[in-house]
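Report on the structure given below.
This is a predicted model, so every value here is computed, not measured. Atoms within each ligand, like the ligands themselves, are counted from 1 in listed order.
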Amino acid sequence: MNKINKLLVHACCGPCFTYINYDLKNNGLLTEDNTRQKVDFTACFYNPNIHPKVEYERRKEAFETLCKMEDTDYVILDEYSLDGYIKDVVDKVLNKKEFESRCEYCYYLRLNKVFLYALENGYDAVTTTLSISPYQKHDIIKKVGKLLEDKYKIKFIYVDYRQYFRQGQKMAREKGIYMQKYCGCVFSFDSGKWVY
Ligand code: SF4
């Protein structure tokens, strides 16, 4: 793989970012050909899927606390709209069927914004901490990442970090980072699926 100069890491939350932050800093980026390369990176919080607002603020704060604690460069794209999110799910997923599922729309919503930020700020690759969670849909993450890679001509890097999920959760707990109990949207909250 070509050398990556600036990587933008979409962070879905503090706990999922904990291990990946550690790994990037200490071991470098794991690439598709199974080699490592040192890389400058910035963590980017953009998750308007998280509801209700009080939970959104809590996760945002947890992310920021971790970044400050670990001296990691970060940016927060601060947007919240319960109405907008639900309208889009009804319109784009249920009515127009632009996306096959709510989660596909949700990944697209978040990663599209992160790619746009990467484009406007000179990053040459994007990755996401969604790839550490065994509860996420990895084939859809890869599909959406590839779509956006083609759209923005910025590399999408998928690393399957699932084997480190528990370790990352343990590290986050030890650092006192807030651990959420459901994926994020109002639907995942309402389903009572307490995933961690
Ligand atoms: S379950 Fe998680 S990934 Fe799926 S739509 Fe809700 S917040 Fe997004």
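- Salt bridge absent: E70 and K25 never bring a charged side-chain N and a carboxylate O closer than 4.0 Å.
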key: Working for side-chain contact (heavy atoms from CB on, under 4.5 Å), residues E100 and I140   = CA-CA 10 Å; E100 285 177 21; I140 304 179; over 6 Å; no

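- Using a 4.5 Å cut-off on side-chain heavy atoms (C-beta onward), Y182 and E55 make contact.
- D150 is linked by a salt bridge (Lys or Arg N to Asp or Glu O under 4.0 Å) to K146, counting only residues two or more places apart in sequence or in another chain.
- Under a 4.0 Å heavy-atom criterion, Y107 is in contact with ligand 1.
- If you run side chain to side chain contact (heavy atoms under 4.5 Å, CB included) between D73 and each of D40, V9, T42, only T42 comes through.
- By the criterion of a separation under 2.8 Å, the protein N/O/S atoms near atom 2 (Fe) of ligand 1 amount to C183 SG.
- Residue contacts with ligand 1: Y85 is included, with a non-hydrogen atom under 4.0 Å away.
- Ionic pairing of E57 and K60 is present here: one or more N-O contacts between side-chain nitrogen and carboxylate oxygen are shorter than 4.0 angstrom.
- With E79 as reference, K113 is the one residue of K113, R110, K53 to meet the salt bridge (charged side-chain N to carboxylate O under 4.0 Å, His left out) rule.
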